[in-house]
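Presented below is the structure to which this report refers.
Below, each value reflects all heavy atoms present in this structure, side chains not excepted, and no hydrogens, waters or symmetry copies. Naming: A, B, ... by sequence-line order, numbering from 1 per chain.
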Protein chains: 2
Amino acid sequence: MNISAASKAAGLPAKTVRYYADIGLVPAPARSESGYRSYDDASVRKLAFVRRAREFGFSIAECRELLGLYEDRQRSSADVKRIATRRLDEIALKQKELQSLHDELAHLVDACRGDDRPDCPIIDGLGKSTR
Amino acid sequence: MNISAASKAAGLPAKTVRYYADIGLVPAPARSESGYRSYDDASVRKLAFVRRAREFGFSIAECRELLGLYEDRQRSSADVKRIATRRLDEIALKQKELQSLHDELAHLVDACRGDDRPDCPIIDGLGKSTR
DNA sequence: CCTAGTCTTTCCAGTTACTGGAAGGTCAAG
DNA sequence: CTTGACCTTCCAGTAACTGGAAAGACTAGG
């Protein structure tokens, strides 16, 4: 499988696939005689695993950790749960922040007539410091 | 006012205050004889305005736009409302994504015993492609 | 067999929004 | 007069890619 087929199968841009090998996140793939990278199903699964983990917001460093656990037949699921739970806490925090952001901004937008007059509650609201 | 007083008043790190002038987001401040930057209340207000806008998730480019409107006595509040509403839509989208992320991950964590056995639903769940 | 078009390669640079750190000048207190 | 806190500039690094140029490889059509 050449890089574009593999990248399609994994759901990642080819550039990113190369990049992940460059930084050693995944092992460098075998090469054809002419130098083309060639991928098998196992590498594609690993790449897709990383894509999913990235979509879950895990950093590259965390993906490295998770991939290690993914490959380690001896790993305990406690390790994985610890990492995932931390991530879950972060997500919850982000949700709260986003909610108050949304509420504040929505309030400002509501208060704005949106006409051609220079008087604007949004601008005024942004100007008011919360600190 | 020297930079550290101004940065404290605006709620930004001094490095960031310098940076904002470097990229021309805010005008370069006056200098003392010895070369120290000196700020007045108006500049601090502008910096705080940017901080708030950044906290709302506006990009530097959008802040530039908003600052322009902030300073333009002729601007219509329709312009501002347009930008803020777009941002609000983005926030709502982000919230939805975060929610499904949270649900999926929470489901995996729930299904995980978190013991020392190598069998782990989180790892398995990440491995399963959604595409 | 040639050619056009699509892959693929490497490498370098740019993105976003800062942040860290070194080397050195300035200022106020004791 | 020396210490220590501030200030300056400049260079480099971060995260995680993304874009693009230049050049080699492969495939199908004529």
Side-chain angles (χ1 to χ4, degrees), chain A residues 1-40 43-44 46-67 83 86-87 90 94 97 101, chain B residues 1-40 43-44 46-67 87 90 94 97 101:
Chain A
M1 221 189 309
N2 280 349
I3 196 165
S4 65
S7 73
K8 255 161 220 144
L12 287 169
K15 275 258 176 192
T16 304
V17 171
R18 281 192 205 97
Y19 173 72
Y20 283 166
D22 283 352
I23 62 171
L25 177 59
V26 297
R31 299 295 184 116
S32 76
E33 247 175 80
S34 55
Y36 283 21
R37 289 166 178 82
S38 80
Y39 297 85
D40 55 12
S43 337
V44 169
K46 222 178 280 186
L47 286 166
F49 175 88
V50 173
R51 173 180 58 77
R52 287 277 292 163
R54 292 286 299 129
E55 282 170 4
F56 273 102
F58 292 99
S59 70
I60 294 287
E62 285 169 325
C63 287
R64 233 178 262 272
E65 235 182 315
L66 286 171
L67 261 184
I83 297 175
R86 198 169 60 206
R87 185 87 261 278
E90 285 163 20
K94 193 96 193 164
E97 283 171 9
L101 218 60
Chain B
M1 219 189 310
N2 281 348
I3 197 166
S4 65
S7 73
K8 255 162 220 146
L12 287 169
K15 275 259 175 189
T16 304
V17 171
R18 281 193 206 98
Y19 173 73
Y20 284 165
D22 284 352
I23 62 171
L25 177 59
V26 298
R31 298 295 184 117
S32 75
E33 248 174 80
S34 55
Y36 284 21
R37 287 167 179 82
S38 80
Y39 297 86
D40 55 12
S43 337
V44 169
K46 221 178 281 185
L47 286 165
F49 176 88
V50 173
R51 172 179 60 76
R52 286 278 290 163
R54 292 285 299 128
E55 283 169 2
F56 274 102
F58 292 99
S59 71
I60 294 287
E62 283 169 327
C63 286
R64 234 179 261 271
E65 235 182 315
L66 286 172
L67 262 184
R87 186 86 262 280
E90 286 164 19
K94 192 95 195 164
E97 283 170 9
L101 218 60

Mind listing the N/O atom pairs, protein and nucleotides 10-14 of chain C, below 3.5 Å?
{"unit_1": "dT10(C)", "atom_1": "OP1", "unit_2": "R31(A)", "atom_2": "NH1", "d": "3.2"}
{"unit_1": "dT10(C)", "atom_1": "OP1", "unit_2": "R31(A)", "atom_2": "NH2", "d": "3.0"}
{"unit_1": "dT10(C)", "atom_1": "OP2", "unit_2": "R37(A)", "atom_2": "NH1", "d": "2.8"}
{"unit_1": "dT10(C)", "atom_1": "OP2", "unit_2": "R37(A)", "atom_2": "NH2", "d": "2.6"}

With the criterion being N/O to N/O and under 3.5 Å, what pairs connect the protein with nucleotides 25-29 of chain C, and how long is each?
{"unit_1": "dG25(C)", "atom_1": "N2", "unit_2": "Y36(B)", "atom_2": "OH", "d": "3.0"}
{"unit_1": "dT26(C)", "atom_1": "O4'", "unit_2": "Y36(B)", "atom_2": "OH", "d": "3.3"}
{"unit_1": "dC27(C)", "atom_1": "OP1", "unit_2": "S34(B)", "atom_2": "OG", "d": "2.9"}

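As a whole-Å value, the separation of L25(A) CG from dA15(D) P is 13 Å. The separation between I60(A) atom CD1 and dT18(D) atom P is 11 Å, rounded to whole Å. The separation between N2(A) atom CG and dT6(C) atom C1' is 12 Å, rounded to whole Å. Between the P atom of dA15(D) and the CG atom of D22(A) lies a distance of 16 Å, rounded to the nearest Å.
For Y19(B), the side-chain atoms get nearest to dA17(C) when compared with the rest of dT8(C), dA17(C), dC7(D).
Side-chain N or O atoms of E65(B) include none that pairs as donor or acceptor with a backbone N or O of E62(B) at under 3.5 Å.
Remark: R54(B) engages Y20(B), V50(B), I60(B), C63(B) in a side chain to side chain contact (heavy atoms under 4.5 Å, CB included) (not counting sequence neighbours). Contacts of S43(B) classified as side chain to side chain donor-acceptor pair (under 3.5 Å), with partners at least two apart in sequence or in another chain: D40(B). Considering only residues two or more places apart in sequence or on other chains, A21(A) meets the side chain to side chain contact (heavy atoms under 4.5 Å, CB included) condition with V26(A), P29(A). Under the salt bridge (charged side-chain N to carboxylate O under 4.0 Å, His left out) criterion, R18(B) pairs with no residue at all, not counting sequence neighbours. Every residue two or more places apart in sequence or in another chain that forms a side chain to side chain contact (heavy atoms under 4.5 Å, CB included) with S38(B) is listed here: A30(B).
Using a 4.0 Å heavy-atom distance criterion, I23(B) is classed as making no nucleic acid contact.
Among residue pairs with one or both ends in residues 6-15 of chain A, none qualify as side-chain hydrogen bond (donor to acceptor under 3.5 Å, both in side chains); sequence neighbours excluded.
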